[in-house]
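What follows is a single structure, written as structure tokens, with notes after it.
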Amino acid sequence: MDKRIEQINKAIRNVPDFPKPGIMFKDITPILQDAELFAVSIDLFAESMEGIRVDLIAAIEARGFIFAATLAYKLGLGFIPIRKPGKLPYKTYKEEYDLEYGTDALEIHQDAVQKGQRVLLLDDLLATGGTALAAAKLIEKCGGEVTAVRFLIELTFLNGIDKLQQYSVHSLIKI
Ligand code: AMP
């Protein structure tokens, strides 16, 4: 394993029974507060996109924003926020989805992506895959192409990858 991935892996904090009993929450804040680890995680995302042309990076609030916005700056790309209902001020598209702990919905601005634009979708963690699939559908509703999907962490035992079979998915850390 890449030593840098090992370092990031070690920094992930497991918080049992958050936000509900039975959920082992993967807390990424120790990565963010360490300047070197935060930079390494962005570098690894950038390396995973080498040779892949995209026009925009879209991410799911809130933790996805942190990595995606930083990566967008590094790669010289625009950033698209995908948010919980009622947060985006302009005209939106909406997608409902199942979460590992409950159900929810996501929204995107209708003019966030132009027809045919190539989009990287990024989030901190892939669990059951419902969130990422909803986000991908929103990008497609706008007329965009989901060229690549990236996660910092993938919980492989939940098989979320099965929901994303039509996409090119890569996770930095598989647990
Ligand atoms: P899912 O739709 O089941 O793939 O859930 C993914 C979304 O929920 C991501 O935005 C994660 O940030 C969050 N999430 C789900 N399970 C966990 C977990 N065990 N630890 C941290 N975040 C989680």
Side-chain angles (χ1 to χ4, degrees), residues 5-34 37-38 40-42 44-45 48-49 56-72 79-88 92-109 112-113 119-141 144 146-175:
I5 291 175
E6 229 171 284
Q7 278 179 308
I8 293 173
N9 198 4
K10 268 195 212 144
I12 297 165
R13 176 163 49 203
N14 290 308
V15 183
D17 302 320
F18 182 88
K20 282 189 180 173
I23 302 294
M24 179 63 83
F25 194 85
K26 301 288 178 185
D27 178 17
I28 51 93
T29 61
I31 298 167
L32 303 177
Q33 77 193 49
D34 183 312
L37 286 183
F38 187 24
V40 159
S41 63
I42 299 301
L44 288 165
F45 276 127
S48 82
M49 290 303 293
L56 293 163
I57 304 183
I60 302 154
E61 76 168 297
R63 292 178 297 276
F65 284 6
I66 301 164
F67 295 101
T70 314
L71 182 65
F79 168 76
I80 305 292
I82 295 176
R83 300 204 64 183
K84 298 284 166 61
K87 300 282 188 184
L88 290 170
T92 55
Y93 292 124
K94 184 176 186 165
E95 271 288 328
E96 302 205 337
Y97 65 101
D98 294 320
L99 199 66
E100 191 187 357
Y101 35 82
T103 62
D104 218 331
L106 288 174
E107 292 182 345
I108 194 169
H109 273 153
V113 184
V119 181
L120 161 62
L121 172 63
L122 193 149
D123 201 7
D124 67 323
L125 185 138
L126 171 61
T128 64
T131 310
L133 182 61
K137 284 184 185 165
L138 287 172
I139 293 163
E140 289 165 349
K141 268 189 191 173
V146 180
T147 306
V149 185
R150 297 289 181 265
F151 299 97
L152 184 75
I153 305 161
E154 177 177 336
L155 302 181
T156 54
F157 63 96
L158 291 171
N159 299 316
I161 194 82
D162 294 350
K163 285 206 182 85
L164 304 174
Q165 269 175 359
Q166 67 268 47
Y167 303 112
S168 172
V169 182
H170 176 73
S171 307
L172 301 185
I173 295 164
K174 294 188 183 185
I175 297 172

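Note that ligands are numbered from 1 as they come in the structure, with each ligand's atoms numbered from 1 the same way.
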Return yes when Ala132 approaches ligand 1 closer than 4.0 angstrom through a heavy atom, no otherwise. no

What I'd like to find out is whether the side chain of Thr70 reaches to under 4.5 Å of the side chain of Phe45, using heavy atoms alone. no

Contact partition for Arg63 relative to ligand 1, non-hydrogen atoms under 4.0 Å: side chain

Heteroatom proximity flag, Ile23 to ligand 1, N/O under 3.5 Å: no

Using a plain distance cutoff, I'd like to know if Phe25 has any nitrogen or oxygen under 3.5 Å from a nitrogen or oxygen of ligand 1. no

Taking only non-hydrogen atoms of Leu155, do any sit less than 4.0 angstrom from ligand 1? yes

Would a 4.5 Å heavy-atom cut-off, applied to side chains only, mark Leu56 and Ile139 as touching? no

A side-chain contact here means heavy atoms from C-beta on lying under 4.5 Å apart; do Phe65 and Arg83 qualify? yes

Between Asp124 and ligand 1, is there a nitrogen or oxygen pair with a distance under 3.5 Å? yes

My understanding is that we take every heavy atom of each candidate and find the minimum distance to atom 9 (C) of ligand 1. Doing that for Thr128, Thr131, Asp123, Leu133, which one comes out nearest? Asp123

Polar-atom distance check: Ala127 versus ligand 1, any N or O pair below 3.5 Å? yes

contact_flag Ile60 ligand 1 heavy-atom lt 4.0 Å: no

May I have the list of side-chain donor-acceptor pairs in residues 150-164 shorter than 3.5 Å, sequence neighbours left out?
from: Arg150; atom 1: NE; to: Ser48; atom 2: OG; distance (Å): 2.9
from: Arg150; atom 1: NH1; to: Ser168; atom 2: O; distance (Å): 3.3
from: Arg150; atom 1: NH2; to: Ser48; atom 2: O; distance (Å): 3.0
from: Glu154; atom 1: OE1; to: Ser171; atom 2: OG; distance (Å): 2.7
from: Thr156; atom 1: OG1; to: Ile175; atom 2: O; distance (Å): 3.0
from: Lys163; atom 1: NZ; to: Thr128; atom 2: O; distance (Å): 2.8

